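What you see is a predicted model, and the numbers here were worked out from it, not measured in a lab. Below, read A as the first sequence line, B as the second, and so on, with proteins coming before strands; counting in each chain starts at 1.
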2 protein chains.
Amino acid sequence: MGRAQAINDDELLKQLTATFREVGYEAASLSLLAEAAGLKKASLYHRFPGGKEEMAQAVLRSASEWLDVHILQVLEGDGPPEERVTRALDTLRNFYAGGKQACLLNMLAAGHITRNAFTPMITTMFDQLILGFAKVARDAGQDEAQSRMAARRAVMLLQGSLVMARGTGDPSPFDEALEMIHSSLLGEGA
Amino acid sequence: MGRAQAINDDELLKQLTATFREVGYEAASLSLLAEAAGLKKASLYHRFPGGKEEMAQAVLRSASEWLDVHILQVLEGDGPPEERVTRALDTLRNFYAGGKQACLLNMLAAGHITRNAFTPMITTMFDQLILGFAKVARDAGQDEAQSRMAARRAVMLLQGSLVMARGTGDPSPFDEALEMIHSSLLGEGA
DNA sequence: GTCTATAGGAAGATAGAC
DNA sequence: GTCTATCTTCCTATAGAC
């Protein structure tokens with residue numbers, strides 16, 4: 001083997017993720033990505049021969065794993081539903097920095113390459129999150145139809161509040177959304 | 001004066017808007033915009049000396065006028081609240097092609113130039129839409145706090161459902177969102 | 001007002017030394 | 001595995017003819 005890695009895979013993915021989330025797929029130039037990673041462009045190509053698209057795919061895959069471990073397993077666990085919801089939403093609040101950071105799924109769904117390349121994984125992640133929310137809503141006593149609806153509404157509120165937060169520069173819609181999601185999933189007045 | 005306009009201002013703005021909505025600000029290259037307009041790049045610069053950013057600003061301004069005429073004036077009109085909501089949501093359904101077309105505000109809020117350039121107008125448009133929704137919710141009998149909350153939730157659902165629709169390629173979340181917004185604004189079970 | 005032509009630079013991507 | 005150097009393509013933007 002040659003020289004040692006200047007940055008390990010986990011840390012590298014973390015920096016690439018941050019860049020994609022900040023500026024979106026198109027604006028994330030290789031120069032920008034390389035700078036974030038502390039590497040030169042050619043080194044990035046060594047790690048990801050497929051270029052930017054492969055980087056985005058890897059970032060998406062790691063985000064999917066994060067979702068599974070930190071959100072889905074919590075939502076579908078076996079504690080009291082209220083506790084599971086609270087824990088998952090707290091994790092999301094932290095992950096999105098209280099509304100100050102955008103969602104990767106939205107930022108990768110813009111552009112021209114997108115329409116075909118990222119749709120399958122994005123779809124899967126949305127579907128899984130909906131299933132997780134629906135599970136905890138059912139466990140909280142809501143019927144099948146109500147749970148399904150509350151879960152889909154929760155994802156809409158999450159994404160919509162992040163769009164508002166980013167568009168206006170005011171993160172407060174995100175906190176409001178988390179409250180609405182909490183009530184909606186637990187069947188309190190919605 | 002020289003040669004006649006090959007495309008009038010309204011039609012030109014319409015085509016530029018469509019391109020920005022389809023691919024977002026960064027991916028909307030001058031070549032793509034020129035092709036959509038049926039003009040050469042140099043001709044676009046003649047109409048918009050400030051280049052792409054000025055085009056986006058003009059597109060945003062025209063969208064703001066459209067919002068005022070077709071949505072705000074309907075929401076704040078003086079017919080029965082239920083009728084106003086139905087009319088406004090039908091117009092939105094048509095405008096977003098049932099969830100198949102993205103929202104300009106979201107597509108322009110990505111990228112690197114954005115953060116400073118478009119935020120003021122985007123913020124204004126979100127605020128106005130919220131005020132319009134809140135007005136009709138109040139007229140439907142909800143109190144001030146409920147109306148304000150329902151209005152903000154409506155915008156979140158609108159944006160979030162469009163993000164889901166675009167990310168997954170399935171427009172159905174948008175129709176669900178319109179139904180939720182209808183109920184929420186009129187104070188039916190939410 | 002639109003066009004052709006082109007400048008000047010940044011983009012994605014590769015070759016090959018170390 | 002990382003680097004410097006380079007290639008090609010596409011980008012934004014301008015000059016100037018008609």
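- Taking atom CG of residue A:Leu33 and atom P of nucleotide C:dA11, one finds them 11 Å apart after rounding to whole Å.
- Between B:Lys52 and D:dT12 there is a side-chain polar atom (N or O) within less than 4.0 angstrom of OP1 or OP2.
- Side chains of B:Asp170 and B:Thr168: no donor on one and acceptor on the other come within 3.5 Å.
- Taking 4.0 angstrom as the limit, A:His46 places a side-chain polar atom (N or O) nearer than this to OP1 or OP2 of D:dG1.
- The CG-P distance, from B:Leu32 to D:dT9, rounds to 20 Å in whole Å.
- Distance, B:Lys40 NZ to D:dC18 P: 18 Å, rounded to whole Å.
- The distance from atom CG of A:Asn8 to atom C1' of D:dG1 is 14 Å, rounded to the nearest whole Å.
- Look at CZ on B:Phe48: it is 15 Å from C1' on C:dT2, rounded to the nearest Å.
- Side-chain contact, B:Glu35 with B:Ser31: no donor N or O sits under 3.5 Å from an acceptor N or O.
- Counting non-hydrogen atoms under 4.0 angstrom, B:Ala6 reaches the backbone sugars and phosphates but no base.
- Note: NE2 (B:His112) to P (D:dC11) measures 14 Å, nearest angstrom.
- Residue B:Ser29 places at least one side-chain N or O under 4.0 Å from the OP1 or OP2 atom of D:dC11.
- Listed pair A:Ser43 / D:dG1 fails the phosphate criterion, with no side-chain N or O lying under 4.0 Å from OP1 or OP2.
- Nearer the 5' end of DNA chain C, as judged by each residue's closest nucleotide, is the contact made by B:Gly38, out of B:Gly38 and A:Leu30.
- Going from atom OH of A:Tyr25 over to atom C1' of C:dA11 covers 12 Å, rounded to whole Å.
- Phosphate contact (OP1/OP2 of C:dA10, side-chain N/O of A:Ser31, threshold under 4.0 Å): absent.
- Put simply, CZ on A:Arg47 is 18 Å from P on C:dA13, counting in whole angstrom units.
- For B:Gln5, taking side-chain heavy atoms from C-beta onward, the closest of the listed nucleotides D:dT2, D:dT4, C:dG1 is C:dG1.
- When distances run from any side-chain atom of A:Lys41 to the nucleotides D:dT4, C:dG12, C:dG1, the shortest one goes to C:dG12.
- Of the residues A:Gln142, A:Arg153, A:Glu179, the one that meets the side chain to side chain donor-acceptor pair (under 3.5 Å) test with A:Ser184 is A:Arg153.
- With B:Phe95 as the aromatic partner, B:Arg21 meets the cation-pi criteria of under 6.0 angstrom to the ring centre and within 45 degrees of the ring axis.
- Phosphate proximity of D:dA13 to B:Tyr45: present, with a side-chain N or O under 4.0 Å from OP1 or OP2.
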Q) Which is it for B:Glu26 and B:His112 under the side chain to side chain donor-acceptor pair (under 3.5 Å) test, yes or no, and what are the steps along the way? A) CA-CA 8 Å; B:Glu26 305 290 339; B:His112 63 291; 3.0 Å; yes

